[in-house]
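What's counted below: heavy atoms across the whole structure, side chains too, no hydrogens, waters or symmetry copies. For clarity, every value in this text was computed on a predicted model and none was experimentally measured.
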Amino acid sequence: MEKSMFGRRFEGKVAIVTASTQGIGFSIAQRLGFEGASVVISSRKQKNVDEAVGKLKAQGIEALGSVCHVSNAQQRKNLIEQTVQKYGKIDVVVLNAAVNPSVNPILQTKESTLDKLWEVNIKTSILLLQDASPHLSKGSSIVFISSISAFQPPPGMAMYGVTKTALLGLTKALASELAPHTRVNCVAPGFVPTHFASYITSSEAKRREMENMTSLKRLGTTQDMAAATAFLASDDASYITGETIVVSGGTPSRL
């Protein structure tokens, strides 16, 4: 992406993006920054945070980094406090953190794994928003990052998919609770070959299979997901709340 390609829809705004030092999260932070936002990025490791902040600043983006394992209550609070201390407000929150620690069928999944999936993929987003909500500006926007697997949880990722389904309901519920001053929407990415989803590119045959499941006959890119997220977070979507946009190249997506 080139900075000159975009408008300035987020000029003067402050955006937090969780799990944002690589992959979809980094591209979202980069896109918001290119459009004028001061971006606050986070992940579990200081090294990754520092490297990502360096890349963003080298592209002329105002960026702040914070180490935040979303399951750590103090680190969540630090993320919000550091943002407010430096910028005085929060305009956009993008909730991107997720895990998939198991490939077992649901009824063979250990309780500790179920707890981790629930905690990271759903619960921590609620807790982080509890910390952030007092600082959200009027006209602010929240965007959850769900998944195409929310609509048809696939074998080997079934419980992960179920947690992503829960985000669709959470989007609806919070959109009602936080209206009219804050909009809440959701992006459901299709198949995107990131480190998190490395199984997609584990073989050429697997990649072709995934491509053939789409109408556009290609995999998604992190930039595709960033563009949809930026739209929902921007004033261009000022009359949209409680909705999920599926960004999947036409992959079927119905509950």
Side-chain angles (χ1 to χ4, degrees), residues 16-26 28 42-44 68-73 75-76 79 93-133 142-178 184-200 210 213 220 222 225 228-229 232 241-248 251-255:
I16 294 174
V17 185
T18 64
S20 47
T21 58
Q22 61 180 351
I24 291 173
F26 181 81
I28 290 170
S42 65
S43 72
R44 294 175 297 169
C68 182
H69 190 312
V70 291
S71 293
N72 185 307
Q75 290 183 1
R76 289 195 305 269
L79 175 63
V93 181
V94 180
L95 298 147
N96 177 60
V99 295
N100 181 33
S102 173
V103 295
N104 291 326
I106 291 174
L107 297 187
Q108 296 176 22
T109 302
K110 294 180 180 179
E111 182 176 359
S112 60
T113 301
L114 293 172
D115 289 342
K116 185 173 183 179
L117 280 159
W118 157 255
E119 181 176 358
V120 176
N121 295 4
I122 307 167
K123 179 182 172 183
T124 59
S125 290
I126 298 170
L127 295 175
L128 191 144
L129 289 175
Q130 287 178 352
D131 292 336
S133 60
I142 295 166
V143 183
F144 290 101
I145 306 301
S146 179
S147 169
I148 190 71
S149 66
F151 297 90
Q152 184 61 55
M157 296 178 63
M159 195 60 216
Y160 168 84
V162 170
T163 64
K164 292 299 189 176
T165 309
L167 291 181
L168 309 188
L170 185 58
T171 296
K172 291 286 189 185
L174 286 178
S176 178
E177 288 190 7
L178 297 179
V184 185
N185 290 293
C186 183
V187 171
F191 306 118
V192 182
T194 63
H195 176 72
F196 183 82
S198 58
Y199 70 93
I200 293 175
M210 294 291 189
M213 291 174 66
T222 60
M225 308 310 140
T229 304
L232 286 176
T241 193
E243 299 297 333
T244 296
I245 291 183
V246 178
V247 188
S248 68
T251 305
S253 56
R254 291 292 181 268
L255 284 173

Worksheet, complete the sentence: Taking every heavy atom of Ser253 against every heavy atom of Ile148, the minimum-distance pair comes out as CB-CD1, 3.5 Å
Discussion item. Using modelled atom types and a 3.5 Å cut-off, is there a donor and acceptor pairing between side-chain atoms of Thr163 and backbone atoms of Trp118?
Written reply: no
Worksheet item: Got Val99 and Lys116 here, is their nearest side-chain heavy-atom distance under 4.5 Å?
Response: yes
Worksheet entry | Distance (rounded to the nearest 0.5 Å) between Ser149 OG and Lys164 NZ | 7.5 Å
Worksheet item: Are any of the side-chain heavy atoms of Thr251 and Phe151 separated by less than 4.5 Å?
Response: no
Practice prompt. With the side chain counted from C-beta on, respond yes when Ile142 and Leu174 share a heavy-atom pair under 4.5 Å apart, and no when they do not.
Written response: no
Response to the item:
For Pro193 and Gly220 the tightest heavy-atom approach is CD-O, 3.3 Å
Discussion item. I want to check something: taking the side chain as every heavy atom from C-beta on, are Arg76 and His69 in contact at a cut-off of under 4.5 Å?
Written reply: no
Worksheet item: How close do Asn96 and Ala19 get, heavy atom to heavy atom, and via which atoms?
Response: ND2-O, 2.9 Å
Worksheet item: Looking at residues at least two apart in the chain, or sitting in another chain, which of them share a side chain to side chain donor-acceptor pair (under 3.5 Å) with Thr21?
Response: Ser43
Worksheet item: Can you name the closest pair of heavy atoms from Leu168 and Ala150 and give their distance?
Response: CD1-CB, 4.1 Å
Practice prompt. Any chance you could measure Leu117, atom CG, to Ser112, atom OG, to the nearest 0.5 Å?
Written response: 10.0 Å
Discussion item. Run the side chain to side chain contact (heavy atoms under 4.5 Å, CB included) test on Ile28 and Val143 for me, step by step, so that the C-alpha distance in whole Å, both residues' side-chain angles and the decisive distance to 0.1 Å come before the verdict.
Written reply: CA-CA 11 Å; Ile28 290 170; Val143 183; over 6 Å; no
Fill in: Non-hydrogen side-chain atoms of Cys68 and Thr18 separated by less than 4.5 Å
no
Item to complete: Please name all residues satisfying side chain to side chain contact (heavy atoms under 4.5 Å, CB included) with Thr171, sequence neighbours left out, ordered by chain then number.
Response: Phe144, Val184, Cys186
Worksheet item: Is Ser176 reaching over with its side chain to a backbone N or O of Ala173, donor-acceptor style, under 3.5 angstrom?
Response: no
Fill in: CD on Glu177 to CG on Leu129, rounded to 0.5 Å
11.0 Å
Discussion item. For the CD1 atom of Ile126 and the CG atom of Leu167, what is their distance to the nearest 0.5 Å?
Written reply: 9.0 Å
Practice prompt. Heavy atoms only: give me the nearest Gly156-Asn100 pair and the separation to one decimal.
Written response: O-ND2, 4.3 Å
Item to complete: Have a look at Val17 and tell me which of Val93, Val94, Leu95, Thr229 forms a side-chain contact (heavy atoms from CB on, under 4.5 Å) with it.
Response: Val94
Worksheet item: Taking only residues two or more places apart in sequence or in another chain, which ones pass side chain to side chain contact (heavy atoms under 4.5 Å, CB included) with Thr109?
Response: Ser102, Asn104, Thr113, Leu114
Fill in: Atom pair OG/CD of Ser125 and Glu119 - distance to nearest 0.5 Å
11.0 Å
Worksheet item: How long is the span from the CD1 atom in Ile245 to the CG atom in Leu232, to the nearest 0.5 Å?
Response: 4.0 Å
Discussion item. How close do Thr222 and Gly23 get, counting heavy atoms only, and between which atoms?
Written reply: CG2-C, 3.7 Å
Worksheet item: Where the side chain of Asn185 meets the backbone of Thr244, is there a donor-acceptor pair that is under 3.5 Å apart?
Response: no
